[in-house]
Amino acid sequence: MVKKNQILFFIIIVISTIISCKKTEKSIQIIKETRSLKGAFLNDFYIGAAINKNQILEIDSASIKLLVKEFNTITPENDMKWEQIHPAKDSFYFDIADKYVALGKKNNMHIVGHTLVWHSQLAPWMQDITDSTTMAKQVEHHINTIVGRYKGQIHTWDVVNEALNEDGSLRESIFLNVMGEKYIAYAFKLAAKADPYAKLVYNDYNLWKPEKRAGVVQLVKSLQAKGIKIDGVGMQAHWSLEGPSIEDIENSIIAYSNLGVKVSFTELDVTVLPNPWDLNGAAVEQSYEQYEGDPTMNPYPDKLPDSAQIQLANHYKDIFSLFLKHKDKIDRVTFWGVNDGQSWLNYWPINGRTNHPLLFDRDFQPKTAYDSVIALKNSH
Ligand code: XIL
């Protein structure tokens with residue numbers, strides 16, 4: 001009899017343990033399904049992603065599902081750049097941009113316009129202009145038409161992109177060469193007039209560098225001295241596991257914020273692959289075709305090994321800890337892509353590699369880095 005009771009007791013224990021494990025599994029599942037980046041950082045800053053044409057057109061529906069769940073701001077990866085939206089002198093192409101804005105509105109998102117004045121991905125017809133008056137007229141037409149069309153709908157504009165050299169001096173772009181340095185103030189003035197409520201941003205890469213930081217400070221100050229509206233500095237944040245250092249990033253956040261403008265991280269990704277410019281003897285140039293197909297430059301073609309996964313997670317944790325420390329100065333953190341499969345780092349700077357720079361993998365699954373970033377909020 002005693003034995004029978006013991007067996008019964010044992011069975012009950014086993015069954016209740018199974019039930020409680022199932023319950024725990026279920027609650028973990030529910031937590032996983034309901035947690036989100038945008039929810040975690042709701043009181044801190046916007047969390048965004050750049051989206052491409054297939055996503056804007058909702059052809060890539062898995063991406064859209066994830067986008068809507070996790071992010072509350074979007075940036076068009078390519079479809080509002082000059083060559084796309086204003087391909088010929090007298091014709092604009094708004095089909096994709098209109099759908100982009102509609103997608104953002106439908107999902108209540110903070111909508112970013114990228115970008116008005118940039119030497120890269122500029123329409124070829126603009127590159128033929130050689131006199132200042134004609135160029136000024138075209139820039140005016142471009143800004144008035146686009147900012148005007150989306151007035152009150154696009155909340156933030158990257159007005160000028162990448163106007164500085166690494167040493168902080170002005171880049172010899174077609175705009176500088178033809179119009180002189182006044183083109184920057186001119187673009188901001190026009191944008192402010194076309195939509196007085198839009199937030200206006202100067203956007204660039206390597207803005208953690210002390211010399212480039214000094215260039216931005218000078219640029220912002222000179223706009224402010226002229227009474228021209230500028231609301232923010234966008235640090236692109238195409239970073240790597242090796243750097244920049246948290247200290248350099250922090251110094252830039254503080255320097256820009258001291259000017260009375262907000263800081264945004266506009267194009268965040270962390271490459272886990274070797275960069276050609278870090279190699280001994282590699283020339284710093286724009287084309288790295290000689291490395292295409294070189295397996296040493298593409299070490300993780302199938303999946304990211306656990307050790308690298310953890311390294312990436314720790315790196316993202318450090319970055320987001322810094323962002324949280326300065327959340328009063330930061331408006332927005334936007335990733336340059338929704339998931340690893342979509343990242344431009346699979347084809348730049350070397351074409352045909354498999355990079356893993358974002359928080360979601362190619363199957364739209366959150367990576368260890370996602371957990372480490374969300375955990376920062378749970379522990380607060
Ligand atoms: C990149 C896109 O991601 C690529 O698809 C395109 O081929 C080149 O441009 N700085 C910027 C972004 O401001 O617009 C760039 O986007 C990445 C660097």
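Heavy atoms only: backbone and side chains are in, while hydrogens, waters and symmetry mates are out. First listed ligand is number 1; within each ligand, the first listed atom is number 1.
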If we ignore angles and hydrogens, is there a donor and acceptor under 3.5 Å between the side chains of [X] and [Y]?
| X | Y | answer |
| --- | --- | --- |
| Gln342 | Gln55 | yes |
| Asn203 | Glu267 | yes |
| Ser264 | Asp331 | no |

Problem set entry | Reported OG-to-NE2 distance for the pair Ser91 and His86, which is rounded to 0.5 angstrom |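 Between atom OG of Ser91 and atom NE2 of His86 there are 7.0 Å.
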For this session: Could you check if a side-chain atom of Phe320 sits within less than 4.5 angstrom of a side-chain atom of Leu268, using non-hydrogen atoms only?
Result: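 Heavy-atom side-chain distance check passes, below 4.5 Å.
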Quick check for students: name every N or O atom pair between ligand 1 and the protein closer than 3.5 Å, with distances.
unit_1, atom_1, unit_2, atom_2, d
ligand 1, 3 (O), Glu77, OE2, 2.5
ligand 1, 3 (O), Trp336, NE1, 2.9
ligand 1, 5 (O), Glu77, OE2, 3.3
ligand 1, 5 (O), Asn78, ND2, 2.9
ligand 1, 5 (O), Tyr347, OH, 2.6
ligand 1, 9 (O), Lys81, NZ, 3.2
ligand 1, 9 (O), Gln121, OE1, 3.2
ligand 1, 10 (N), Glu162, OE2, 3.3
ligand 1, 10 (N), Gln236, OE1, 3.3
ligand 1, 10 (N), Glu267, OE1, 3.0
ligand 1, 13 (O), His114, NE2, 3.3
ligand 1, 13 (O), Asn161, ND2, 3.0
ligand 1, 13 (O), Gln236, NE2, 3.4
ligand 1, 13 (O), Glu267, OE1, 3.4
ligand 1, 13 (O), Glu267, OE2, 2.8
ligand 1, 14 (O), Lys81, NZ, 2.7
ligand 1, 14 (O), His114, NE2, 2.7
ligand 1, 16 (O), Lys81, NZ, 3.2
ligand 1, 16 (O), Trp336, NE1, 3.3

Problem set entry | Donor-acceptor pair, side chain of Tyr46 and main chain of Thr334, under 3.5 angstrom |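 It does not hold such a pair.
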